[in-house]
Structures are given as C-alpha cells and as structure tokens.
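See structure below.
Here the structure is a predicted model, which is why all the values come from computation and not from measurement. Just so it is clear: chains get the letters A, B, ... in the order the sequence lines come, proteins before strands, and each one is counted from 1.
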Amino acid sequence: MTLTFEAEKRLGDFVLEARFTSEGGVTALFGPSGSGKTTIVNLVAGLSQPDRGRITLDGEVLVDRAVGVMLPPSRRRIGYVFQDARLFPHLSVQSNLSYGRWFGPRAGRWGDFGAIVELLGIGALLKRRPLDLSGGEKQRVAIGRALLASPRLLLMDEPLAALDRARRAEILPFLERLRDEMKLPILYVSHAVDEVARLADQVVIIEAGRVAAAGPVGTVFADVAADSETGAILTAIVHAEDEIDGVTLLDHPAGVLQIPKLGRRLGTRVRVHIRARDIALAVGEPGRLSIRNRLAARVVAVSEQMSDVAVSLDVGGEPMLARVTRGAQRDLGLAPGLAVTALIKAVALDER
Amino acid sequence: MTLTFEAEKRLGDFVLEARFTSEGGVTALFGPSGSGKTTIVNLVAGLSQPDRGRITLDGEVLVDRAVGVMLPPSRRRIGYVFQDARLFPHLSVQSNLSYGRWFGPRAGRWGDFGAIVELLGIGALLKRRPLDLSGGEKQRVAIGRALLASPRLLLMDEPLAALDRARRAEILPFLERLRDEMKLPILYVSHAVDEVARLADQVVIIEAGRVAAAGPVGTVFADVAADSETGAILTAIVHAEDEIDGVTLLDHPAGVLQIPKLGRRLGTRVRVHIRARDIALAVGEPGRLSIRNRLAARVVAVSEQMSDVAVSLDVGGEPMLARVTRGAQRDLGLAPGLAVTALIKAVALDER
Amino acid sequence: MDGLFTAEEWQAIGLSLRVACVAVAASLPFGIACAMLLARGRFPGRTLFSAVIHLPLVMPPVVTGFLLLLAFGRKGPIGAFLDQQFGVVLAFRWTGAALACAVMGFPLMVRAIALSIEAIDQRLEQAAATLGAGRVAVFLTVTLPLALPGILAGLVLSFARALGEFGATITFVSNIPGETQTIPSAIYSLIQTPGGDGAALRLTIVSVVISLGALVLSEAIARRATRDTRP
Amino acid sequence: MDGLFTAEEWQAIGLSLRVACVAVAASLPFGIACAMLLARGRFPGRTLFSAVIHLPLVMPPVVTGFLLLLAFGRKGPIGAFLDQQFGVVLAFRWTGAALACAVMGFPLMVRAIALSIEAIDQRLEQAAATLGAGRVAVFLTVTLPLALPGILAGLVLSFARALGEFGATITFVSNIPGETQTIPSAIYSLIQTPGGDGAALRLTIVSVVISLGALVLSEAIARRATRDTRP
Amino acid sequence: ADVTVFAAASLKEALGAATATYKAKTGKPVAVSYAASSALAKQIEAGAPADIFFSADLDWMDELAKKGLIDPSTRTTLLGNTLVLVAPKDSAATITIGKNSPLAAALGADGKLAMGAVASVPAGKYGKASLTALGVWDAVAPHVAEADNVRGALAFVARGEAPFGIVYGTDAKAEPGVKVVGTFPEDSHPPIVYPIALVKASSNPDARAFLDWLVSPEARPAFEQAGFTVIGSQG
Ligand SMILES: Nc1ncnc2c1ncn2[C@@H]1O[C@H](COP(=O)(O)OP(=O)(O)OP(=O)(O)O)[C@@H](O)[C@H]1O
Ligand SMILES: Nc1ncnc2c1ncn2[C@@H]1O[C@H](COP(=O)(O)OP(=O)(O)OP(=O)(O)O)[C@@H](O)[C@H]1O
Ligand code: MOO
Ligand SMILES: [Mg+2]
Ligand SMILES: [Mg+2]
C-alpha cells in the first residue's frame, strides 16, 4: 500500500502544508497538541477538502484539487477511529459495530465479529446504548466499529489514550497482527512514544502544520532523540525460547538479547524498541549484575544536551543512543572510539 | 481537607459500592476501563445522586441519603475537568475560561488568569470558539476553566490523556504546585502510573465498582506491584545542587540519590518515584558503570511471578521492589538476607 | 355512542380523520425534503424559499383557500392540468380538503423538522460516511432517526392544525357534508345556527380528544425512540 | 407610498405590527417557561399540560375567540378580575387582539422552543453547575443561548401566525378600525365585498413582506449567534 | 348524486329543517354546504359542484347572474327577514327606533354597538343603511364593533360585552341571552331578502324538483319556524 499525501489547508490562522508518503505498514503521525494531526487524518478520510493538493492511495486518486477530483468518504473504504468516539447515539452498541457491514462490499470483507468483540472486551455491552458507556468502553466500541467495516486503510486518532495499560497491552498486539497478518495499513496518531515505536514502521513528525521529519521509525526517533525516549530500535531474529526462564532469545550482531516470552516462530524477524533510559553503559567488565543483556558497542559521538549527555553508539552496525549524566561521562571517560558494553534490562523490553 | 466517600449506586447492571477517605493532597483513582472511576467522580461533584450513602468534604455533608441532604453541584465549589472537555460551544474560549469567575464568591478566589492561560499555552486561542479546537487544546481549556473557578477541591478525569509528553511535562509540575502551594486537594483519575505516582499522595484502586486497595501511594503500588510499574517511592531531602553536572543531590538513609536538577530549596522533603524496571541489582562491586545511584539494600523476599521474579528489598528502612529475570535470580543467588546494591539510572528519575 | 352525534357529525368526524391523516402523511416526505433544504442548504434564494414555506402561516386562511381555489380549482391552471393528465380532481373533493390542510400545516411541519435537523451533530454523519454509507444511506440511517423528535413534533403540529383548519378548507372546497365537511367546518356551520353552540362544543371536544390521542402517541414513540439517545 | 393604501389600511398595517410584536414579546417568557416544563418536566399531568398548550391549534379559531370572550370579556371571570384589580380591559381593545394572537401562536412558539431545549446536551448544564452557576444562572447562560435556534423559530412562527390570525381576533375583540382591525380582519372584510379582491391581495402582500422581514432578521441573528456553535 | 345546495351560513337552521322534511317525504337526501355567501359565490365561479345557490343577499346573487352562472329563470326571492336592535336579556334599556333615535347617547362613552361587518356581512350592511337613513350613523359609527358574522355580534351582546347589537330577527329569536329592544323600519334599509336560483352548470335532474319543493308551501313551516317571512313562495 502506498499513501501519498500532499496538501495545503487553511483553518482560521492555522495553516497545514504537509507532504509525506507512507509505504504500507503502520505510519505514525506524531506531534504536539494542535500541530495538525487530526487535520491531516480528516483530509485522508475525505471529511474535509484541501485548499490545494493531491492525495492518492495505491495509485487511486482520492482527491486532486488540480483536476477537481474528490472521492466521497463513503467510497474510500478508509476506516476512522475518531479522537472522540462518535458512536451513533440512536443505535445499540451491537448496531454501531455492525453499521459498516451494512454498506461495505461483501467481497473483501474481513474480520470476525465475535473475535473482535471479544478482543475488545465489549461482549457484555452489545445491548447497551452508547450514552451510558464509560470513556474507555466508548473508544473500544469505536475501534471495533471501524475494523468491522473492513477498511483497506485504517486511520486511528489517539485510539488508546482513554485506555488503561492492561487493555492497551491487549489491543496493541492485535493491531500488530492486523498490520502483519491482515496487512492492514494504519495511519496512527499518538502521543505515546512507546506505542508508536512498537507499532510504527514509519513516523511523520508534524510541527505547526508542517512535516518536521519523516522516515523509518528508527532513523526519525534517533534524529529527534534529544527530547525523545528512544534509544534504539534493533532488528533481531527469534533464535530460541527458554521455557524455564520464560524468555525468548533474540540474535543480534552485537550479542544475544533476552526478552519476555514472545511466542513467535523461530527465525521470525522482530523489531525491538529500547528506551534511552533503559540503556546503561559499562566500561570494562561489569560486576555481577541482574542486567542480562549486554551488547558490545562503540562510542560514535558524545553530545552535551541541556540536562544530560547523549552518547551515540554503534551496536553491531545499528545506531543506539544512551543518555548519561555529565558526571558519568567524566568518570567513565566516554569519548568517540571507546569500546563499551551496553547494558539493557531484559524486563524493560516487555512493552518496547 | 478530608473527603469521606461512602456510596452505592446502580447503573443498569453495573453496581458501584465504594468507600474511601482522602486526606488532602492528591488522591488518585486508578482502575481499568469501566470500573467506575467516572461514576465516583460524578457522585462527588453532585452530578448524580447515590442510591445510598454519604459524602462529606471537610466535615460538610455534601450528600447523605439517610437524612435526605443533597447539596447542589453549584454550591459545592468542586471543580471538575471532565473526561470529555464539555466546553460551552456558544462561548469563546475566553468566556469559557472566565465562566466560573462570574459565579464564584469573590472571597476565596485564587489563580491568576494570565498565568494559567500562559501555562496551558492557550493564549492564542482566547478569541476562538471551542468547536475548532484540537483535542488537546480543548482539554487544556477545560483544565483552565475548572481552575479559574477557584474550587476548594478539584476533580480531574483523565485530564492529560489527550496531551503530548511535552505539554504534560509542563502541566504536571503546575498541578504539583497547586497541591503543594495552593494546598488544593485533587481527586485524580488516570491510567498513567507515572502521573499518578508523581502526583498522588494516596491511591484508591477501583475494580468492578469496588475499592480493591486504598492507602498511601507507596504502600498501595508496592502491594499491587506484580503488574505495576512501581519499584519504590522514596522520601528524601534536597541536599545539594550540582550546577556543573546539572543534578540535584538527595539524601536518603541508604545513600545519595542524583536526579536531574529540581530547583527546590535545600532541605525540602521530596518524594521520588522509581519504576521497578529502572532498578537493577548488583552483588558485590558493580564495576565501572554509567549508573550513578547506588543504594545499599537487603533482600527481604523473593517471589516468582508469572513472567519474572519480584525481589522485595529494604532500602534504608523503606520498601523497594525490583523485577529481574529468573536467570538473573539464579545466577546472582538472590535470596532473603543477601546484601545487594540497587542500581538506579539517574536520568530515569526525570519524570518519576 | 350513536346517540351522541348525528349521522352528519359522524361523517364529519370520519372525514376529518381521513383528511388529517392523508394531509399529514402526504406532506411528510415534502416536509422532510424542505426541512433538509432549509437546515442544510446554502443556495441563493434560500430566504425566499423559506418565506414561501412560511406563507400559509402569514396569510389569512381564507386568502390561502382562495389562492388554492384559483390554482387548483377545476378551472385553475394546476387543477386543470391534474384533471386532464391524471384525472385527479381536487376541487370540492375530500382530497382538496386534505391539500388545504396539508398546505396550512406545512410551515409548522417543516420548521419543527428543520430545527431537529439543525441540532444534529454532523460529525456523526461524517462517521457514517467513513463506514461506507453513501449520502442516501447516511440520511436514512443517521439523519432521519436523529431528527425523530422534530419529525414527531411536526406530525403532531400539522395533524392538530389539520383538525382545526377550516378557513382555507371551506374557501377552497366548500363545506359539503360527506365530501368536504370536516369537523371544523361543521363547527362553523353549527356556530352560525342559533342554539348550535352545544353541538359545536361537542365537536370541538372530539377534535381535542383526537389530537390529544395523537399527542400521547407521538410522545410515547418519542420516549421509546430517544430514551437513551439524548446526549 | 401614501397613495398605495387608504388611511384605514395604513392604520390596519400599523396596528397589525403593534399587535403582532406585543403578542410575540408578551408570550415569549411564558413560551419559554412552558417549553422548559414540556422539555424537562417529568410531572403527572404532563401530557394534559401539553394538550392544553396545543389546544389553540386544534380548535377552530372562532371557537378559541369565543372561549377568550367567555373568559376575558368584561363579564368573564378573568376579564372582570383584571378590570377590577388592575383596570386592565381587553375586550374591544388592541390589547385583546394581542392576547388572541398570542394565544393562537402559543403552541407554535412553545413547540419550537421545546424542541431546541430537548436537543441541548445536558452535560453542558452540569458543567456549568460545577463552575458555580445555580439553576437560574445555568438557565440564563447555557440553556437559553443554546436554545436560541428554537426561540428564533418560535418567534418567527408566532409572529407570522399573529400577522395571519383573524378568526379568534374578530370573535374576541371585533374589528374596530384603529383599535382592533388588523390586516387580516381588513382582508377578510375586503374578500367578502364583491370587487374587493385587488385590495385584499395588496394587503396580503404587505403581510407577507413584513413576515419575510421578520424571517430574514431571525435568520441573520441565528447565523451570527450559532455560527460556530453547531457541533 | 345528491342534490347539493350552497347556502348562506345563516340559513343553517331553517334549511336544515326543510331538507330533513324533504328527505322524509321523498327519501332523497340533500347535501348543503353552508359558508359565507361570498365564499360560496366565488366557489361557484370556480366550478363548484353546486346545483342550487341560496344567498343571504342580493349582491352575490347579482354577481353570479352578471357572469351568467345561474339560470335566471329559476331565480326566486324566497325569504325575508327583519332587522332588530337587541340588548342583553337583563338590560333595562328602552329605546325607540326612529329618526334621530338616541342610540349614541344610550351607548354612552364606552359602550359598543355590535354588528356584522358593515362592509361585507349582509346584516352589517343593512344595519349601516338603516342607521344612515335614520340619521344616526355618524354619531354611532365610532361605537360600532364588527363581527365576522351575525352570530359573533349576537355573542357580544349575549355576553354583555356590548349593550346593544343589530341582528336579524331570526337570530334574536333563537338566542335566549338577548331581548329585542326594537325593530328597524322596513323602509330604512334595502329589503332583507334571500334569493335562490339553480346553478347553470348543474346537471342534476333532481335539483329542479328540490328547488320547486322549497318554494312550495310545503317547505313554508320550516322557514317560518325559524322566524323568516316567506315572500317568494309560489302557489
Ligand atoms: N475551523 C478551524 N478554525 C480555526 N482553527 C482551526 C480550525 N480547526 C482546527 N483549527 C486549528 O488547527 C490546529 C490543528 O488542529 P488539529 O485538530 O489538526 O490538531 P491535532 O494535531 O490533532 O492536535 P491534538 O493532538 O490536540 O488533537 C489547531 O491549532 C486548531 O486550533
Ligand atoms: N446509565 C448507565 N447504565 C448502565 N450502565 C452504565 C451507565 N452509566 C455507566 N454505566 C456502566 O458503569 C460502568 C462504570 O462506568 P464509569 O464511567 O464510571 O467507568 P470508568 O471507570 O470511568 O471507565 P473509563 O476509564 O473507561 O472511563 C461501566 O461499565 C459503564 O458501562
Ligand atoms: O384563523 Mo382561521 O381564519 O379561521 O383558520
Ligand atoms: Mg487531534
Ligand atoms: Mg471514565
């Protein structure tokens, strides 16, 4: 799937002028409040029209002001989970969920009603009216409604913000499965770096209506790492499962990584997100530590930030960023070229 | 301030039956989606009436079904930031913000319009109508509106869920200041453990309409630590500021803690939240590590959890919980009585 | 029961019911269409359109009836056309009475429906569109159900108006027993009759009871349908 | 201009305007109160209350006028009371015409306002209450402004009805030039006169133009006020 | 089809009784549409399915005759009525009606004289003519309260709203709330007559028979019962 987006839109004093391309998988829209994320998503859905510009999906022109094309939202087959749930107040939860089924083409329909309802934990709500639902319940129904319309692209505007960790932890893997197994491309607006890093293949960072950075998640987050949480996004291969310890071992050029049991097939290629704060550095042989993941690394660059020091590392050919205090940098003598060990707490990987 | 809450309320099939007391400061309501948090907050605000029960604030009876007292919401002086923003669509942002000022008593008014507007970053929106605001902008205006009504108790239902990290990081310290300087008590609903741990003095955990646990934040989170993120909440004294390294040194019985510069007066007592995942353990000399905070600890108990091992520690008399893999436990021979060093990445404390 | 009213009165009651029901039912689709235009349309001449819809309210009913007679009478342009093309005659038939009642109640119906449509959160319609519903489907599954309170209010108002209308009716289709003599026309005749006041009052009560029934029915429907949909 | 209408017609036009404005203005507070009761009240007899409000719509205007005469005439119980206690006389006065018009337009006004009030998201009123606004303040600062579309629609409808009403007016307060002869009464007289059609038409156009003006005005206000408040 | 008569509303009682008698005799029902004479005349112009027009005054009948819509050979001036001054039942007023009658003085400053609309309602027109002929119109005019039909005027008096009213003798007779104070001289107003005629467009063979019966002595009692004088009765 390829989404090309190029549009200008003025809303009062705010001007959106953005251009990006998304190549399937999950593309995250990331940016501060009021930067224009919802505006972009609305344009893709067809709920508003750009002043100028062109948006295409898999070669099909959704809108092109130059030639006057504007495909109505109902013909785009683009699902949308709104920032506010927008459930139909006059329909039961059940009817809200199946609404999209009434209209979508029978061919190309996917997604099993029962399975989606169970996953979202809304089975007990089916007979209820949206008005009495709690905030999180509404949002879950909204996710189900969008999915059950069998879209070919899914727009999600902060879909999990209203959910608790446990529920989030259940839904995220499901979204991953949609991405990987159903090959459903998703445009995902979120403030949560860990969500984005876990799900997204690409990130588009929006600031004041413009694209500040765009590209693969590893690169972009490393670029903006000064104030980000991301230390590294490593690609590794599932190598073994240790049933006794309940961990999965991943192969990476710089060493073996232990993470909580994944349940993936051996040989699968996975992406592991490591927060900068979860990375410690050791010079020389570390003592007897509970930290199991020890990757050989080399310091590439050291840059002083406002509050701490960002240490760029090369870990078996992949970039990694660690943040340490000035004191630590001094004591350890961290400087380009130094060989160090990156220590990563295994349990810290459980939600990437 | 003392809020006593004791109420039963049936909503369809859902039954709330909760009782807790909150002694000033920030009390967090924590619990999964649909567990009854908003229901409780609505009862406190007076937007719904319990079927049975009694709620008092500082000795004043807000509602008591037994004697038929029900103070109307407008006379409670309880501010409410709703889960959905609920701005007045017919008023400008400016008028929304000053709405509470029109009615509140002049005496007891606090909070400076300009300062609150600036802090929330909504100065440019004053002339706008709520309808065009972005999700995060709406929520910020809603926070301002509740504060400017000079409430004596503030209810916040997931106030920061729609906000990005940067904005959150700005608003949280402000809420802390409200708590500490204005002595404004807050009943705070949130899914974000770090927010709760940072702000809350007390936590009430709600599950399926009942109070599953309640008490000081350290105790409660340590109790439910199996699936929580909290490792320890330590109380320490500001001891020195290191201008060169940009850190503040805190005194704790078990050692000195370094955290990013706080800017608090020396001698102030502060609470530091440490996530379980940010704690590593070393047996013997840890070697040359970038980890600066090393607290002497003793293993109190070791319990195997589903996916890892929870190690309860005694750190200078305060409880701490670390999570390690089974492999690490074996290798280090972690057992009750063993002396260990708790390693805490300094930079990990920046948002507690 | 039979003793309560004369045969002619029974006839008037039956006819009034038929006329009112047909008037309301037949004008509903147009009413909804006009309400949509008023509530959503942004076209030049919108105000004029709105004014035309309000006309029957402003003009004395007799004038409306007279204009209907001019246009839809057997010799009127539209009346002649309908007669020749479709064999439909409205003048001096109960169908004409229904037309008069429909016209008189039309502004009430349209305004009520338009008010409800204006109050609908259009973002819900957008949500429906993203779920694949086309314009018509959105209208039928979202707009219309959400406008239900207005539609019911419109029905009740125009039904009540139809039961009370007589100025336009008597002027357009006269007051022929069994064909165009509705309850209000009958009341009018009775009022002209010395000593007819009692009978007039009886018939008035009948009207009131009927429209009370309509009111109760509509409120019951509204309660059922909107029980849980109010924001 | 002067040549366009006779002095008596000018008088009728001026009087009609005055009567309609007073009728609408005086009934607005009651209309809003009744609409609140209808939209929000849950009391026994609510349906009956609703029925009473709809009465003037169902009853033929002449009957309404007659009932007004019975109640508010100089000898009627309310009329006598008003006369003795406050020296207020309605019979044969323009104030009586205003009362008749107000009564006839009342159901239209109430229904429109009630519809708008029903559509208000009561959670906004709750929000206002948590900000310290008491019942009255909530009503004035939230409910009323949000009900504005319905209030405007109600005003226009009842204003238009007042301009068109004549059956109840003439029955209650007669048709005294300069005192109670409104435009529709004048039109009615003209229509009953052989050859009076032209003059009747001219006056009808005046009514229509006036209420068109009211309509345009109300839509302008509505646009201004609700520009950005529609969800 | 039934014979359809378009009749002035004020004939309701009398004509109602007459048609009932006719039906009892012949078994043939007659439909009567009562409305203001003006409305009925206009409807006949517009092609209404009326067989017989029974007007409350000459003007509207003349109007239709001018346009050739009635069969002039069938036109009969059937009924006559009187014009009376009424007062509320409990009124003590006595007034002699004649030249310069003190009606205005009797009305006082505030009293109204209830009449049918003087420009349009027949009873009003006759009343105005009479008062003019008696030389009191100018004095009385400011006191006139018009109603859209005679019954409205009658109600004003019966309810005591107006101390005096001018109505037909037939109305005064039927309304127990009023009493007749005096009768206007027959020569002070045009004759109060009710012309009847067959509508030219009528094709109903029974219409002629009914019209003939109406003007026959057999129908007389029904009209007289209601207080009319039967003037055009044939035979
Ligand atoms: N109709 C409008 N008129 C004026 N400004 C508007 C309008 N609609 C949106 N805006 C402004 O455009 C900017 C972008 O809005 P948008 O909703 O896209 O933000 P967002 O990135 O989704 O923010 P959030 O994360 O807070 O939801 C905001 O500053 C908003 O105030
Ligand atoms: N009027 C009602 N009728 C029936 N059930 C209701 C009603 N209102 C709320 N509920 C149910 O009560 C439960 C508690 O709702 P509440 O809004 O308090 O949850 P919450 O803890 O705030 O959840 P969230 O975090 O998702 O906002 C939910 O399961 C909800 O569906
Ligand atoms: O106001 Mo009307 O004239 O009788 O229907
Ligand atoms: Mg947004
Ligand atoms: Mg909630």
What's the shortest heavy-atom distance between B:Tyr99 and D:Leu131, and which atoms?
-> CD2-CD1, 3.7 Å

Please name the pair of heavy atoms, one in B:Phe103 and one in D:Gly132, separated by the smallest distance, quoted to 0.1 Å.
-> CB-O, 3.4 Å

If you count the non-hydrogen atoms of other residues, nucleotides and ligands that lie under 6.0 Å from CZ in D:Phe30, is the total more than 12?
-> no

Give a yes or no on this: more than 12 heavy atoms of other residues, nucleotides or ligands lie within 6.0 Å of atom CZ of D:Arg40.
-> yes

Would you say D:Arg123 and B:Asp84 make side-chain contact, with heavy atoms under 4.5 Å?
-> yes

Listed partners of B:Arg75 passing side chain to side chain contact (heavy atoms under 4.5 Å, CB included), at least two apart | B:Leu71, B:Pro72

Below 4.5 Å, heavy atoms only, C-beta onward: do D:Leu146 and B:Pro89 meet side chain to side chain?
-> yes

Around atom CD of B:Glu118, are there more than 12 heavy atoms of other residues, nucleotides or ligands at under 6.0 Å?
-> no

In terms of heavy-atom contacts, does CZ of D:Arg93 have more than 12 from other residues, nucleotides or ligands at under 6.0 Å?
-> yes

Nearest-0.5 Å distance, CD of residue D:Gln126 to OH of residue B:Tyr80 = 8.5 Å

How would you list, by chain and number, every residue that makes a side chain to side chain contact (heavy atoms under 4.5 Å, CB included) with D:Ser207, sequence neighbours excluded?
-> C:Val58, D:Ile183

Contact list (residues 134-146 of chain B to chain D, heavy-atom gap under 4.5 Å, by number) returns B:Arg145, B:Ala146

Could you tell me which residues in residues 135-144 of chain D have at least one non-hydrogen atom under 4.5 Å from a non-hydrogen atom of chain B, sorted by residue number?
-> D:Ala137, D:Val138, D:Thr141, D:Val142

Enter the distance from D:Glu125:CD to B:Ser74:OG here, rounded to the nearest 0.5 Å.
-> 12.5 Å

The single option from B:Val81, B:Leu47, B:Leu155, B:Ile78 that satisfies side-chain contact (heavy atoms from CB on, under 4.5 Å) with D:Thr130 is B:Leu47

